[in-house]
Amino acid sequence: MSHQLILLDGSAFLFRAYFSTLSQNLTNDDGFPTGAMFGVINAIKHLQRKYPQAKLIAIFDAKGKNHRHELYPQYKAHRKPADEELVMQIEPLYEIIRAMGFHFMCVPGVEADDVIATVTKLAKEQGLKVRIVSHDKDLYQMIDDSRVVMYDSVKKREIDEQGCLDKFGVHPRDFVNFQAILGDSSDNIPGVKGIGQKGASKLINKYHTLEAIY
């Protein structure tokens, strides 16, 4: 496929970059913190070099609660507010991304990975190859072999359907039900007590849906 799209989970990279550079205390000449911005821009520049023909969209979480909190009020309830030094870097980062000429999305009331999933679906319908650059395992459900892959920014490699099977033991098409059994402690979503990844993958590979398991 000659037409390619890269969807960067900007919020995930922002937090990861902030905490990974915290000990370095990176600032500009005025003492303004720059570590989170530095990390995200480095990630973008790497992707630009690796896939020069691809269009890149950086996608971020909007401020405040979203529709997931309406579905489940305890969603992310255990998380502390973001550090002020991280929050300070968000708007300047948006300006830098725009100045670099990349597309930017931040949809009020919608989480970044929901935006990524929607754009992926629309792009796939247009015949584009999509690379999702994120550390969020929820997005593995979007993998569709040659058309949609995840990109591991640490190992610098693409993850296709076989890669998903190797890593989690389930096919991308079964990932939603797999996650429903496991839950997600990072989002404060409980799973089925006493069932881990291995047990969940065995159940899903045999029955495929929660209804069939019941």
Side-chain angles (χ1 to χ4, degrees), residues 1-15 40 43-44 47-48 50-51 53-72 75-76 94 97-98 101-153 157-184 186-187 189 200-201 204-205 208-212:
M1 293 182 181
S2 56
H3 300 291
Q4 303 174 19
L5 185 65
I6 293 173
L7 302 179
L8 176 72
D9 186 349
S11 292
F13 273 81
L14 182 73
F15 277 86
V40 175
I44 290 175
L47 292 165
Q48 188 183 28
K50 190 171 181 70
Y51 303 108
Q53 303 304 317
K55 298 290 184 183
L56 185 143
I57 304 177
I59 301 173
F60 291 83
D61 292 325
K63 292 179 182 177
K65 294 186 176 182
N66 56 60
H67 74 284
R68 294 187 180 194
H69 294 90
E70 295 172 14
L71 291 169
Y72 181 58
Y75 181 63
K76 293 185 178 179
Y94 292 171
I97 291 171
R98 290 191 189 101
F102 295 108
H103 296 286
F104 167 91
M105 291 183 73
C106 185
V107 181
V110 185
E111 197 160 293
D113 49 0
D114 290 321
V115 177
I116 290 171
T118 303
V119 174
T120 297
K121 182 176 182 293
L122 295 171
K124 198 166 67 166
E125 289 170 358
Q126 298 297 315
L128 300 176
K129 172 165 183 175
V130 182
R131 291 182 184 90
I132 299 173
V133 187
S134 175
H135 308 294
D136 193 336
K137 63 182 178 182
D138 294 347
L139 289 165
Y140 275 74
Q141 65 186 276
M142 303 305 299
I143 293 175
D144 187 2
D145 248 2
S146 61
R147 295 191 295 174
V148 181
V149 296
M150 294 287 290
Y151 181 74
D152 186 328
S153 62
R157 64 182 181 88
E158 294 181 0
I159 301 172
D160 56 11
E161 292 180 5
Q162 185 59 51
C164 180
L165 278 165
D166 293 342
K167 187 169 184 176
F168 295 104
V170 295
H171 194 280
R173 64 173 171 263
D174 292 323
F175 212 84
V176 173
N177 290 308
F178 172 68
Q179 277 287 86
I181 294 173
L182 284 180
D184 193 337
S186 67
D187 289 338
I189 297 174
S201 64
I204 289 302
N205 287 326
H208 299 288
T209 67
L210 300 181
E211 291 78 10

Donor-acceptor check, side chain of Asp61 to backbone of Glu111, threshold 3.5 angstrom: yes or no?
no

What is the distance from atom [atom1] of [X] to atom [atom2] of [Y], rounded to the nearest 0.5 Å?
{"X": "Asn177", "Y": "Ile204", "atom1": "CG", "atom2": "CD1", "result": "5.0 Å"}
{"X": "Leu128", "Y": "Ile6", "atom1": "CG", "atom2": "CD1", "result": "12.0 Å"}
{"X": "Ile44", "Y": "Ile97", "atom1": "CD1", "atom2": "CD1", "result": "4.0 Å"}
{"X": "Phe175", "Y": "Lys137", "atom1": "CZ", "atom2": "NZ", "result": "6.5 Å"}
{"X": "Gln162", "Y": "His171", "atom1": "CD", "atom2": "NE2", "result": "9.0 Å"}
{"X": "Asp145", "Y": "Lys129", "atom1": "CG", "atom2": "NZ", "result": "9.5 Å"}

Shortest non-hydrogen contact between [X] and [Y], atoms and distance:
{"X": "Phe60", "Y": "Ala112", "result": "C-CB, 3.7 Å"}
{"X": "Val148", "Y": "Ile132", "result": "CG1-CD1, 4.0 Å"}
{"X": "Gly169", "Y": "Ser201", "result": "O-CB, 3.8 Å"}
{"X": "Tyr140", "Y": "Ile159", "result": "OH-CD1, 3.3 Å"}

What do you reckon, is OH of Tyr94 surrounded by more than 12 foreign heavy atoms closer than 6.0 Å?
yes

Examine Arg131 relative to Tyr151 and say whether NZ or CZ is less than 6.0 Å from the centre of the six-membered ring and inside a 45° cone about the ring axis.
no

Checking Val130, Leu56, Val115 against Leu7 for side chain to side chain contact (heavy atoms under 4.5 Å, CB included), the one that qualifies is Val130

Would you please name every residue forming a salt bridge (Lys or Arg N to Asp or Glu O under 4.0 Å) with Glu125, sequence neighbours left out?
Lys121

Evaluate Ile116 against Met142 for side-chain contact (heavy atoms from CB on, under 4.5 Å), listing each step before the verdict.
CA-CA 9 Å; Ile116 290 171; Met142 303 305 299; 6.0 Å; no

Residues Glu161, Asp144; criterion side-chain contact (heavy atoms from CB on, under 4.5 Å); working and verdict:
CA-CA 7 Å; Glu161 292 180 5; Asp144 187 2; 3.8 Å; yes

Evaluate the side-chain contact (heavy atoms from CB on, under 4.5 Å) criterion for residues Thr118 and Val107: first the C-alpha distance (whole Å), next the side-chain angles of each, then the deciding distance (0.1 Å), finally the verdict.
CA-CA 12 Å; Thr118 303; Val107 181; over 6 Å; no

I'd like to check His135 versus Ser153 (side-chain heavy atoms, cut-off strictly below 4.5 Å). Are they in contact?
yes

Quick one: are Leu210 and Ile181 in side-chain contact, heavy atoms under 4.5 Å?
yes

